[in-house]
Amino acid sequence: MPQTWYVTFEVQKRGTLPKRRSPRETRTFESEAEARTFAREKFNEGLIVFAGTLNPFLPRRLIPSSGISSWIEQGRGDEVAGHDAKRDPEK
């Protein structure tokens, strides 16, 4: 399965830098659920996090840092519903 989601997060500053900069790192994922789980981990560490879909994947999605917390919470609802559906398929 191709990588369709990315999560970009700030890297912890180490030492002093001669210039102001915003070092970031990006990871790619096969599913939105994997991306959401990773984003939740980085967000809980107090880092600034962005996420979205990679081109040419459609529909295009961009989750800015201001919307990450609500996007993560949406995933929690989906995960809970998914677990209930797996336990009792007749629901």
Side-chain angles (χ1 to χ4, degrees):
M1 181 179 235
Q3 306 289 315
T4 56
W5 279 85
Y6 72 90
V7 174
T8 299
F9 57 98
E10 69 179 351
V11 178
Q12 295 286 352
K13 295 178 183 175
R14 295 182 187 138
T16 58
L17 300 172
K19 295 182 181 180
R20 267 182 75 141
R21 64 180 207 172
S22 177
R24 293 178 291 207
E25 188 175 326
T26 300
R27 302 257 175 97
T28 58
F29 302 90
E30 291 181 357
S31 71
E32 184 175 2
E34 291 173 328
R36 214 178 240 137
T37 300
F38 182 78
R40 182 180 300 121
E41 291 171 12
K42 295 302 177 186
F43 183 75
N44 288 341
E45 289 176 19
L47 302 177
I48 296 172
V49 181
F50 299 83
T53 55
L54 295 166
N55 288 333
F57 184 76
L58 294 174
R60 292 185 185 159
R61 299 267 320 267
L62 173 64
I63 297 89
S65 61
S66 60
I68 283 290
S69 61
S70 62
W71 179 66
I72 289 171
E73 289 304 313
Q74 284 176 346
R76 287 183 186 256
D78 294 345
E79 290 169 7
V80 170
H83 287 290
D84 290 343
K86 288 179 185 176
R87 286 187 203 145
D88 190 359
E90 296 194 15
K91 278 190 173 181

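In this text the structure is predicted, and so the values were computed from the model without any measurement.
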Please report the shortest heavy-atom distance between S70 and G67, naming the atom on each side.
-> OG-O, 3.0 Å

Which atom names give the shortest non-hydrogen contact between W5 and A35, and what distance separates them?
-> CB-CB, 3.7 Å

Indicate, with yes or no, if L47 and I68 share a hydrophobic cluster defined by side-chain heavy-atom contacts under 4.5 Å among Ile, Leu, Val, Met, Phe, Trp and Tyr.
-> yes

Residues that E41 engages under side-chain hydrogen bond (donor to acceptor under 3.5 Å, both in side chains), provided they are two or more places apart | none

Extract all donor-acceptor atom pairs below 3.5 Å that involve side chains of residues 48-59 and protein atoms in other chains or at least two apart in sequence.
unit_1 : atom_1 : unit_2 : atom_2 : d
T53    : OG1    : R61    : N      : 2.9
N55    : OD1    : R60    : NE     : 3.2

Nearest 0.5 angstrom please: [X] [atom1] to [Y] [atom2], how far?
X	Y	atom1	atom2	answer
S31	Q3	OG	CD	9.5 Å
I63	E32	CD1	CD	6.5 Å
R36	E73	CZ	CD	10.0 Å
T4	E30	OG1	CD	8.0 Å

Pairing residues for F43 by the ring pair (Phe, Tyr, Trp, His ring centres under 6.0 Å) criterion, not counting sequence neighbours = none

When the ring planes of F38 and F29 are compared, do they come out parallel, tilted or perpendicular, using 30° and 60° as the limits?
-> tilted

